[in-house]
Number of protein chains: 2
Amino acid sequence: MSATPRPFSNVLDRSNSGEAVAKALSLAIHEHRLAPGTKLGEDDLAEIYGVSRTVVRAALQSLAHLQLVDMRRHRGAFVAQPSLGEAQEVFEARELLEPRTARMAARSSTSSNIKSLQGHIVEEHAALAADDPGRALNLSGLFHIEIARIAGQATIAGFIETLVARSSLIIALYWRRESALCEKHAHHALVQAIAEGQEQLAEELMRSHLVDIHSALDLRERPAAARSLKEALMR
Amino acid sequence: MSATPRPFSNVLDRSNSGEAVAKALSLAIHEHRLAPGTKLGEDDLAEIYGVSRTVVRAALQSLAHLQLVDMRRHRGAFVAQPSLGEAQEVFEARELLEPRTARMAARSSTSSNIKSLQGHIVEEHAALAADDPGRALNLSGLFHIEIARIAGQATIAGFIETLVARSSLIIALYWRRESALCEKHAHHALVQAIAEGQEQLAEELMRSHLVDIHSALDLRERPAAARSLKEALMR
DNA sequence: TCATCTGATATTGTATACAATATTGCGTCC
DNA sequence: GGACGCAATATTGTATACAATATCAGATGA
């Protein structure tokens, strides 16, 4: 017996349905259920979530501000496809912001903060064990955001949130299958350094962790991939 | 003879009117024509700009993402009022991002970049001479954003754009009248360092420039200003 | 056979109408 | 006289209808 399909979301009965739709879409993108380039038709989404196009549009605009979707006039909204250059930029920005943030977190973390971080790691392991890499990736991102929150810099945490979101798209586009995802130990060691207040170590661990991820991406110039048809075929 | 009032904007005939309204409001906030806390009624704005509430809402949501306005459910939109803590955070973030950015700009600037920066300075002086400090402040912000653009980091430039925007609100709220605004020399020296490719100097000048602004703010704890009525009056 | 033009279609952009809810003034009750 | 409750009002939240425009298929001509 097959149930009628339902929207893939737990929280659509929230008071502000616009944010709810944005959250649902954001989660779907983070978990790689929506591939970069996917068209997000307003009517389709409105029907799926049982709301009007008005609220769908608000949600899409919200995601566009986070650069998770691309809205083009009279063309529609699409899941964003960061270019190689943008991918480089995103990771350069993360490598600038996050090590410093980890240092601050090491200075100011409380024991309940540590508990929360460890909870993230446990969930991440569970998701991997359940063969749900999308969910694991999303949780991994939340881990980074949580560290910024712990550091007590809400503004920078907001920046990191957008960088993590875009990183998810970048990973979807440029991840090298060959390289195993070996974040488990990195996150664990990081939490330990933060818990023990070892600022310098935390900063270094975060930096090398980001470099690890960065170098597990295939960011070499593609031969003709993203160029114009003319440039690729005329000659 | 008094002309009928017209919206304070030059670009309301653009194709995407939502962005146009957002730009007009953003400019008004940057130039301190709209004070923090001002209520932004949707019907009022719709009438002023001659568009429907739909597009006004889109514009307000856009500004809310930049944290220039506060939207509260069933209450309306208001020009944001950054707290003391938020003000500190914003300037800490700027002091983290912008010196590095200035260094990168010094490495990669072209002569046309320099021309553009000098143009900003000239306009800024003109605005000051015309006794239009709001416009001068806005141009000063654009100067900082331009540097980030020159550095070739669009992502970080976007962050700085939001930080500059919030800085404008912070200055409106916390600027000490006593301190003169002495940015002229700072900006000029900065451009020179960037033009000559002196990376270290550019980084240092940007850092000290930001510290100057930061310390020209009165960010001491207010006795009761932003606290709750209860806390302020009950005793 | 291919290129170009044109109109039919589908999708987005905008306006307006209706629903939901916070605010506020007034009346009543204690 | 003051506090509480209630209804009137104004404003925002959402849905829907209409307008504008990009896309695409088919026709027409060279």
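Just so it is clear: chains get the letters A, B, ... in the order the sequence lines come, proteins before strands, and each one is counted from 1.
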- Item | From CA spacing to verdict: side-chain hydrogen bond (donor to acceptor under 3.5 Å, both in side chains), B:Thr110, B:Asn113 | CA-CA 5 Å; B:Thr110 69; B:Asn113 293 150; 3.1 Å; yes
- Task: Determine, stepwise, if the pair B:Ser116 / B:Glu146 fulfils side-chain hydrogen bond (donor to acceptor under 3.5 Å, both in side chains).
- Result: CA-CA 8 Å; B:Ser116 157; B:Glu146 181 72 14; 3.1 Å; yes
- Test B:His144 against B:Arg94 for side-chain hydrogen bond (donor to acceptor under 3.5 Å, both in side chains), laying out the working first. CA-CA 10 Å; B:His144 283 252; B:Arg94 291 189 67 170; 3.2 Å; yes
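Listed in residue order, the members of residues 58-66 of chain B having a heavy atom less than 4.0 Å from DNA chain D come to none.
Between the side chain of A:Arg33 and the backbone N or O of A:Gly134 there is no donor-acceptor pair closer than 3.5 Å. The main-chain N or O of A:Ile150 is found under 3.5 Å from a side-chain atom of A:Ser108 such that the two form a donor-acceptor pair.
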Output a table of nitrogen or oxygen pairs between the protein and nucleotides 16-20 of chain D separated by less than 3.5 Å.
{"residue": "D:dT16", "atom": "O4", "partner": "A:Thr54", "partner atom": "OG1", "Å": "3.3"}

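The interatomic distance linking B:Met71 (CE) with D:dT14 (P) rounds to 10 Å, in whole Å. What separates OH of B:Tyr49 from P of C:dT14 is a distance of 16 Å, to the nearest Å. Spacing between atom CD of A:Glu42 and atom P of D:dA22 amounts to 16 Å, rounded to whole angstrom units. We find that CZ of B:Arg72 is positioned 13 Å from P of C:dA22, with the value rounded to whole Å. Rounded to whole angstrom, the span from the CZ atom of B:Arg57 across to the P atom of D:dA15 amounts to 12 Å. Rounded to a whole Å, the NZ atom of B:Lys39 is 13 Å from the P atom of D:dA10. Rounded to an integer number of Å, the gap from A:Asp43 CG to C:dT12 C1' is 9 Å.
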Which atom pairs, one a donor and one an acceptor, fall under 3.5 Å between side chains of residues 58-72 of chain B and the rest of the protein, sequence neighbours left out?
{"residue": "B:Gln67", "atom": "OE1", "partner": "B:Arg166", "partner atom": "NH1", "Å": "3.2"}

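Side-chain nitrogen and oxygen atoms of B:Arg75 include none within less than 4.0 Å of the OP1 or OP2 phosphate oxygen of D:dT12.
Residues satisfying the salt bridge (Lys or Arg N to Asp or Glu O under 4.0 Å) criterion with A:Glu89, sequence neighbours excluded, are absent altogether. Take A:His32 and apply the ring pair (Phe, Tyr, Trp, His ring centres under 6.0 Å) test, not counting sequence neighbours, and it matches no residue. Judged as a salt bridge (Lys or Arg N to Asp or Glu O under 4.0 Å), and not counting sequence neighbours, A:Glu86 has no contacts.
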